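Treat the numbers as computed from the prediction; the structure is a model and nothing was measured. So you know, we letter chains A, B, ... as the sequences are listed, proteins then strands, and number each from 1.
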Amino acid sequence: GAGVSQTPSNKVTEKGKYVELRCDPISGHTALYWYRQSLGQGPEFLIYFQGTGAADDSGLPNDRFFAVRPEGSVSTLKIQRTERGDSAVYLCASSLFPGGTYEQYFGPGTRLTVT
Amino acid sequence: AQTVTQSQPEMSVQEAETVTLSCTYDTSESDYYLFWYKQPPSRQMILVIRQEAYKQQNATENRFSVNFQKAAKSFSLKISDSQLGDAAMYFCAYRSEGKTSGSRLTFGEGTQLTVNP
């Protein structure tokens, strides 16, 4: 079956621009996670959805970052007024249910470069 | 807050030999999971092995095994009979079972493993 997919694979944008990053989870997975991985570091949690609602958004760094999952499947991470410090790989993961023994399956990530 | 520390930024091993990657973590919780993930250059995170904190027995998956020391908060990964395909960045990760932390993963800084032929 299809795994988690993310589009675009790479995105280059200018400082101050708005970007949207898309995540298609594994079909039927109720939980969806976004992580940010800066160069040479481990991924850092951003936000987690259970169904359509954001169950935990405590990892979002500031109000320029926003994410939605309107129909409980596809999710979009939105970044306004991008800054050079936003450059990173943005990883999405999904799991059948949150917690327990349910594994998080990761997508290949979107590499965002802000020039 | 939980923290995960990997003190070895880089490790190397000869093909067919054994290597151990170290990980320590800090938590005040009693119920949690620990994971090792592999990230090749393709960026796709792949789960290698998982350990439930309530289980005393160390997890094993084929050539991969862990040494879980709960009191010492240590969770090392042993790779036996190393293969060229094992070369990748390895991340140790923690997941709480508490309601306050949800099901987020907390990752260490990673260890870059090189396998020499």
Side-chain angles (χ1 to χ4, degrees), chain A residues 2-11 21 23 26 29-51 53-60 67 88-112, chain B residues 1-10 21-25 29 31-55 59 61 75 77 88-112:
Chain A
V4 178
S5 62
Q6 293 186 245
T7 54
S9 178
N10 293 281
K11 175 70 177 179
L21 311 180
C23 173
I26 293 172
H29 279 196
T30 65
L32 185 146
Y33 311 80
W34 284 100
Y35 296 86
R36 179 169 70 174
Q37 185 175 19
S38 299
L39 188 63
Q41 298 184 17
E44 293 179 309
F45 170 79
L46 294 177
I47 186 170
Y48 141 61
F49 288 89
Q50 174 57 30
D56 181 1
D57 65 356
S58 61
L60 294 177
V89 173
Y90 289 82
L91 296 169
C92 176
S94 71
S95 64
L96 185 59
F97 295 105
T101 59
Y102 296 103
E103 178 182 345
Q104 291 185 26
Y105 294 85
F106 283 80
T110 294
R111 181 180 299 281
L112 175 66
Chain B
Q2 295 81 24
T3 58
V4 178
T5 302
Q6 294 178 248
S7 59
Q8 305 156 316
E10 298 177 346
L21 308 184
S22 301
C23 172
T24 58
Y25 59 95
E29 300 175 328
D31 294 327
Y32 51 87
Y33 290 82
L34 295 165
F35 305 85
W36 279 98
Y37 280 88
K38 170 184 177 180
Q39 187 179 43
S42 66
R43 302 195 305 241
Q44 188 109 28
M45 283 280 199
I46 302 164
L47 178 65
V48 174
I49 198 164
R50 173 181 62 206
Q51 174 78 43
E52 292 89 337
Y54 65 85
K55 289 186 178 179
E61 287 288 342
F75 182 62
L77 174 70
M89 182 72 85
Y90 285 81
F91 291 97
C92 179
Y94 172 102
R95 196 186 75 209
S96 168
E97 283 302 285
K99 290 184 179 180
T100 55
S101 301
S103 56
R104 67 166 74 177
L105 290 165
T106 299
F107 288 88
E109 307 93 333
T111 296
Q112 181 67 52

CD of A:E44: more than 12 outside heavy atoms within 6.0 angstrom? no
Is A:I47 close to chain B through its backbone or its side chain, or both, or neither, when contacts mean heavy atoms under 4.5 Å? neither
Measuring only between side-chain heavy atoms, which start at C-beta, is B:Y37 closer than 4.5 Å to A:P43? no
Which one wins on heavy-atom pair count under 4.5 Å against chain A: B:E109, B:Q39, B:Q44, B:M89? B:Q44
Among the options A:Q104, A:Q6, A:R111, pick out the one with the most heavy-atom pairs lying under 4.5 Å from chain B. A:Q104
Closer than 3.5 angstrom, by distance alone: can the side chain of B:R43 be matched with the main-chain N or O of A:L91 as a donor-acceptor pair? no
Correct closest heavy-atom pair for B:E52 and A:T101 would be OE2-CG2, 4.2 Å
Portion of A:S38 that has a non-hydrogen atom of chain B nearer than 4.5 angstrom: neither
Under a 4.5 Å heavy-atom cut-off, does chain A meet the side chain of B:Q6, its backbone, both or neither? neither
Do B:L47 and A:F106 make a side-chain contact, defined as non-hydrogen atoms from C-beta onward lying under 4.5 Å apart? no
Given A:Y48, A:Y102, A:F45, A:F97, the one that forms side-chain contact (heavy atoms from CB on, under 4.5 Å) with B:S103: A:Y48
Within the side chain of A:Y35, is there an N or O that forms a donor-acceptor pair under 3.5 Å with the backbone of B:L105? yes
